[in-house]
Trainee: 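Would you mind keeping the following structure in view while I ask a few things?
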Amino acid sequence: MRKSISILVLCIMILSAAVSVAGLMGQEKGPLSEFQSIHGETVELYGKGLYKYDSVSVAAQGRAADFVTLFFAIPLLAASYVLAKKGSLRASLMLTGTLGYFLYTYMSYTFLWMYNPLFILYVALMSMSFFAFTLCMVGFNLQTTAAAFRERLPVRFLGGFQYFVGTMIGLHWLGKIAPTLSGNTVPVGLEHYTTLVIQGMDLGFVVPVAFLSGTLLMRRHPFGYILSTVMIFKGVTMLASITAMIVNMVLNGVTVSMVELILFPGITFLAIGCMVVLLKNIKPENVDGSGEIA
């Protein structure tokens, strides 16, 4: 299983680096074009580079995500992988959370972005991230991992943070969807895309898992320690990417709501604080080389 994870992580680093560079290149200035969606909305297309058929909004998000992946997520994946191979529990948890970032990111590229020549690479990265993430998750020893955390770990604070994140994201996206339930309107920001992919992923996976992991942690269930740590590590990388997306959207003249401008950067800083608290409350590691606390 370790060999499989090693191969998958190496492939993810190489392919995601190539995909990110491709997304950031070829940005020579060209005329913006407009597209009339089937809902009658006039959409301004980016018109250049890999994302030329995407809207200005989604292209700005894609380029920001490519930047964060290339200069933050890939180095973090490499560092956590090297340390995890030496048996570090902290690194193993960070590796799993970072793989969660890659899974979420390339799921969105596969299902949301307009078709481009790198589609098959997006699918490959999504698949490899899923299997690497799954293998890492099932590789943890529940009892050993739970015992590695100090008793003073503030489980109510960390569990409450996850409740807060799940609630805020859920309410934000439901507020976007609710006005369309009558069937007479479409969500703001749908543009020329077919459906709300990110909102579907968040409401279907991120929000329920946030509540589940928060509940398990507050009950001090062994799996709660693993799931919460992975969720928070994944949250730091993902929220950093979302914050970069929002900044790039503003720089490209895309209208962003004040809620998004305040919510996501604010949660990012809270997630970083939670990550620090988690790391400080893992006992000093005495590793026997097997990847478990001796």
Side-chain angles (χ1 to χ4, degrees), residues 57-58 60-62 64-65 68 72-73 93 96-98 100-105 107-108 111-112 153-181 185-191 193 195-219 221 224-250 254-279:
S57 172
V58 168
Q61 294 175 56
V68 170
F72 178 52
L93 291 165
T96 310
T98 306
Y101 162 83
F102 281 90
L103 173 58
Y104 184 97
T105 296
M107 278 183 68
S108 64
F111 297 117
L112 174 59
L153 179 72
V155 293
R156 291 190 178 278
F157 169 74
L158 295 172
F161 168 72
Q162 292 178 84
Y163 275 16
F164 170 74
V165 171
T167 300
M168 294 303 294
I169 292 176
L171 290 176
H172 180 56
W173 291 145
L174 289 174
K176 185 185 186 78
I177 296 168
T180 71
L181 296 180
T185 60
V186 295
V188 175
L190 181 62
E191 300 178 319
Y193 299 96
T195 191
L196 298 175
V197 175
I198 301 301
Q199 289 77 6
M201 290 165 56
D202 286 353
L203 291 172
F205 296 105
V206 175
V207 172
V209 172
F211 283 107
L212 173 63
S213 60
T215 299
L216 292 177
L217 181 63
M218 287 192 287
R219 294 180 179 178
H221 187 285
Y225 291 94
I226 298 173
L227 189 58
S228 293
T229 307
V230 169
M231 279 291 291
I232 289 173
F233 282 147
K234 180 262 181 187
V236 169
T237 48
M238 195 69 248
L239 287 164
S241 180
I242 293 172
T243 299
M245 290 177 184
I246 292 172
V247 171
N248 201 35
M249 288 167 66
V250 172
V254 178
T255 301
V256 179
S257 72
M258 285 302 297
V259 173
E260 292 172 327
L261 278 172
I262 297 171
L263 176 64
F264 289 106
I267 294 178
T268 301
F269 286 111
L270 282 173
I272 292 172
C274 289
M275 183 179 70
V276 171
V277 170
L278 278 167
L279 291 175

Trainee: Determine, stepwise, if the pair Lys234 / Val206 fulfils side-chain contact (heavy atoms from CB on, under 4.5 Å).
Mentor: CA-CA 11 Å; Lys234 180 262 181 187; Val206 175; 4.1 Å; yes
Trainee: Nearest 0.5 Å please: distance from the OG1 atom of Thr96 over to the CE atom of Met231.
Mentor: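 Output value for this atom pair is 13.5 Å.
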Trainee: Provide the closest heavy-atom pair for Tyr101 versus Ala65 in the form atom of the first, atom of the second, distance.
Mentor: OH-O, 3.7 Å
Trainee: Atom CG of Leu112 and atom OG1 of Thr195: how far apart are they, to the nearest 0.5 Å?
Mentor: 10.0 Å
Trainee: Can you measure from OG1 (Thr243) to CG (Leu261) and round to the nearest 0.5 angstrom?
Mentor: 10.0 Å
Trainee: Okay, side chain of Thr229, backbone of Leu278: is any donor-acceptor separation there less than 3.5 Å?
Mentor: no
Trainee: Taking the side chain as C-beta and beyond, is there a heavy-atom pair between Val207 and Trp173 under 4.5 Å?
Mentor: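 No, their side chains stay 4.5 Å or more apart.
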Trainee: Mind listing the side-chain donor-acceptor pairs of residues 156-164 below 3.5 Å, one per line with the distance, residues two or more places apart or on another chain?
Mentor:
| from | atom 1 | to | atom 2 | distance (Å) |
| --- | --- | --- | --- | --- |
| Gln162 | OE1 | Ser213 | OG | 2.3 |
| Gln162 | NE2 | Leu158 | O | 3.4 |
| Gln162 | NE2 | Ser228 | OG | 3.0 |
| Tyr163 | OH | Thr215 | OG1 | 2.5 |

Trainee: Would you say Ile242 and Ile267 make side-chain contact, with heavy atoms under 4.5 Å?
Mentor: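 Contact flag for Ile242/Ile267 side chains = no.
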Trainee: Report yes if the side chains of Met238 and Thr105 come closer than 4.5 Å at any heavy-atom pair, otherwise no.
Mentor: yes
Trainee: Between Ile198 and Tyr104, is any pair of side-chain heavy atoms under 4.5 Å apart?
Mentor: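 Result yes, sub-4.5 Å side-chain heavy-atom pair found.
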Trainee: Side-chain contact test, heavy atoms from C-beta onward, threshold under 4.5 Å: evaluate it for Leu196 versus Lys176 and give yes or no.
Mentor: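 Counting from C-beta outward, Leu196 and Lys176 do come under 4.5 Å.
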Trainee: Can you give me the closest heavy-atom contact between Leu203 and Ile177, atom names plus distance?
Mentor: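 Where Leu203 meets Ile177 most closely, the heavy atoms are CD1-CD1, 3.7 Å.
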Trainee: Might you work through the side-chain contact (heavy atoms from CB on, under 4.5 Å) test for Leu216 and Tyr225, ending with a clear yes or no?
Mentor: CA-CA 8 Å; Leu216 292 177; Tyr225 291 94; over 6 Å; no
Trainee: Please give me the minimum heavy-atom distance between Leu239 and Ala271, naming the atom from each residue.
Mentor: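 Closest approach of Leu239 to Ala271, heavy atoms only: CD1-CB, 3.9 Å.
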Trainee: How long is the span from the CD1 atom in Ile226 to the CG atom in Leu217, to the nearest 0.5 Å?
Mentor: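 One gets 11.5 Å once the value is rounded to the nearest 0.5 Å.
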Trainee: State, with a plain yes or no, whether a side-chain heavy atom of Phe233 is found less than 4.5 Å away from one of Leu279.
Mentor: yes
Trainee: About how many Å separate CZ of Phe205 and CE of Met107, when rounded to the nearest 0.5 Å?
Mentor: 5.5 Å
Trainee: Out of curiosity, Leu103 CG to Thr98 OG1, how far, rounded to the nearest 0.5 Å?
Mentor: 12.5 Å
Trainee: How far apart are the closest heavy atoms of Gly166 and Phe211, and which atoms are they?
Mentor: C-CE1, 4.0 Å
